[in-house]
Amino acid sequence: MTALIASEWLKARSLRSTWWTLGLTVVVVLASAAIDSEDTFFPLAGCLVLIVAATASGASAMAGEYSSGLIRATAVAVPARSAVLLAKAAVITLMWTVVGVGATAGSVAVAGQSRMPGMPETVAAILVGPVCALVGLGIAVILRHAGAVYVTGVLLLVAAPQLLTGDDPAVRAVHHAMILPGWQRLTMAYGAPEAVGDLYTSATTAWLAFLLWPLVFLAVALAVHRRRDV
Amino acid sequence: MIQVDELVKRYRATTAVAGLSFIARPGRVTGFLGPNGAGKTTTLRVLLGLDAPTSGRATISGVSFRSHRRGLRHAGALLDAQQAHPGRTAAVHLAALARSNGLPRGRVDEVLGETGLTSVAGRRVGAFSLGMRQRLGVATALLGDPPVLIFDEPVNGMDPEGVRWARSLFRRLAAEGRTVFLSSHLIGEMAETADEIVVIGQGRLLAAGPIQDLAGPSGSLEEAFFALTAGSVDYRAGGAR
């Protein structure tokens, strides 16, 4: 398995687009934190860019294999297809966690506030990247066609939480189970929970969303990828 | 050794392979001939575990390829020229595959040398010509030094020098005792290279045997091919005959 992870890491780091994506994401998140540092370390604008970039980057780890035909060479080299997918998951998790740590530490530094962010706030700001990257990877395995993959990723992770608003309890429940609302709760994007009421999901639901979204997408991807013709 | 036994592969309503059986032996170059749409590529895909058979078996060295955890030491394949990411260099493409199978780094340089790509190893695959991509595909196939090699239309896009090189490479690989399985629709090329021929049409076996036997008294493999496949050509220019 370490050999597979090393192989996938080599694939990731040998593409210029990887470094552009990671670098520009950190720059935009820091810029957003520097501009909008009134009462938060982690403004929404930076997070939305981070979500889009991480989702696309996770997706491209697999979409690139399908669009270039490399998937066939990979499948002949490693007939144990699930192992390849898990190795890719490990690499993008690590990559985006490092980016998350850098972007979060940088945001705190440039925001220049007198207080320091709390633990849940910090961890959520770090983990939203790897969480979305894994969801992106899962979507790419399931849908395969690059265009459909990227559109679905953005619709699901960025647009849907903005659209699913209102007082209907069912809509609200779905909204509360999504990643972006979870991030908003944990980083207290709109202030303390007591002040904004049930605009927020609960902290527990937020953490569950961070855990379950990548797990479910990865599980479905593994089940599909093992069986399907490539 | 490659064994295909009563293989059937259906994609929804389309039957690509309809009960195909044949054997390709070690130490021989076996040519795999058939009109477009005959099921050649599908058979190769099933052999390499890319597609699951609907029924029947296709094995390499007696086992189904999907049962291996790592594949490069068991079989090498060039399925088409599009199997490398355009943004990576040839050397990195090969190194990533070698690493995944725990092959020594030196193998990459060896196969680059063997396929004449050493001087362009640091160039990105996106800038490669079709012939160079084919060579890279051959290099990929050779990486694990496998006993079974499968090539689908390997000389497509190669210049005459490349075609001659490929021919002698296939002959040498077979002489080393490997099973070389070569799909092509270039009959002349096949007559130069293969020891045995397997001819299929519409997913079924039409003929199999040593090349001299198939060519018959006329000695022309091409004539023999047209006679065999006359009833099973799906796509023909100029309307039905």
Side-chain angles (χ1 to χ4, degrees), chain A residues 1-22 56-57 59-91 140-141 144 146 222-230, chain B residues 9 11 41-42 44-54 60 63-89 91-103 124-126 133 136-137 139-141 143-144 146 150 152:
Chain A
M1 195 66 198
T2 42
L4 274 189
I5 292 175
S7 164
E8 289 302 329
W9 168 233
L10 177 55
K11 283 185 188 172
R13 75 184 163 87
S14 60
L15 289 178
R16 284 181 207 162
S17 58
T18 303
W19 298 107
W20 279 110
T21 308
L22 299 185
S57 156
S60 73
M62 204 64 194
E65 295 243 354
Y66 282 114
S67 61
S68 67
L70 174 61
I71 187 73
R72 292 187 286 272
T74 304
V76 171
V78 188
R81 294 183 201 164
S82 304
V84 173
L85 195 47
L86 290 174
K88 282 188 189 294
V91 168
V141 173
R144 293 191 279 191
L222 282 168
V224 167
H225 188 52
R226 190 175 314 167
R227 235 162 275 156
R228 196 163 51 188
D229 296 348
V230 293
Chain B
K9 177 63 184 179
Y11 299 99
T41 298
T42 301
L44 302 186
R45 290 176 55 85
V46 174
L47 264 170
L48 291 162
L50 299 181
D51 289 7
T54 306
I60 293 176
V63 294
S64 122
F65 194 71
R66 276 298 290 279
S67 67
H68 297 297
R69 293 196 54 74
R70 304 290 179 268
L72 294 180
R73 285 193 185 85
H74 303 283
L78 159 62
L79 281 179
D80 64 52
Q82 307 299 331
Q83 47 178 26
H85 195 292
R88 293 195 187 95
T89 66
V92 167
H93 168 75
L94 292 169
L97 291 170
R99 183 75 68 82
S100 72
N101 275 239
L103 302 172
R124 297 206 276 168
V125 176
R133 279 171 212 235
L136 181 60
T140 307
L143 205 51
I150 293 172
D152 195 5

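Naming: A, B, ... by sequence-line order, numbering from 1 per chain. The basis for the numbers below is simple: all heavy atoms, side chains too, and nothing from hydrogens, waters or symmetry mates.
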Neighbour count above 12 (heavy atom, 6.0 Å) for A:Arg13 CZ: yes
Which atoms of B:Ala52 approach chain A - backbone, side chain, both or neither, heavy atom under 4.5 Å: both
Heavy-atom contact with chain B under 4.5 Å, split by part of A:Arg16: side chain
Chain A contact via B:Ala141 - which portion, at a heavy-atom distance below 4.5 Å: neither
Rounded distance [0.5 Å steps], CG in B:Leu48 versus CD1 in B:Ile150: 4.0 Å
Atom pair CZ (A:Arg144) and OG (A:Ser67), whose distance is rounded to the nearest 0.5 Å: 12.5 Å
Greatest number of heavy atom pairs closer than 4.5 Å to chain A - which of B:Leu97, B:Leu143, B:Asp51: B:Asp51
From A:Ile71 atom CD1 to A:Ser68 atom OG, the distance as rounded to the nearest 0.5 Å: 8.5 Å
Which portion of A:Ala77 sits near chain B, non-hydrogen atoms under 4.5 angstrom: both
For chain A, the option from B:Leu78, B:Leu79, B:Thr140, B:Asp80 that forms the most heavy-atom pairs under 4.5 Å: B:Asp80
Choice from A:Arg228, A:Arg81, A:Arg227 maximising heavy atom contacts with chain B below 4.5 Å: A:Arg81
Residue that, paired with A:Asp229, satisfies salt bridge (charged side-chain N to carboxylate O under 4.0 Å, His left out) out of B:Arg66, B:Arg45, B:Lys9: B:Lys9
A:Glu65 side chain to A:Thr74 side chain, donor-acceptor N/O pair below 3.5 angstrom: yes
Donor-acceptor pair, side chain of B:Arg99 and main chain of A:Trp9, under 3.5 angstrom: no
Aromatic ring pairing A:Tyr66/A:His225, orientation class (parallel under 30°, perpendicular over 60°, tilted between): perpendicular
Pairs of heavy atoms under 4.5 Å with chain B: top-ranked of A:Ala87, A:Ser17, A:Ala75, A:Ala6: A:Ala6
Options A:Leu4, A:Val84, A:Ile5, ranked by heavy-atom pairs under 4.5 Å with chain B, top entry: A:Leu4
Heavy-atom contact with chain B under 4.5 Å, split by part of A:Arg226: both
Leading residue by heavy atom contact count with chain B [cutoff under 4.5 Å; candidates A:Ser7, A:Gly69, A:Pro79]: A:Pro79
Side chain / backbone / both / neither for B:His93 at chain A, heavy atoms under 4.5 Å: side chain
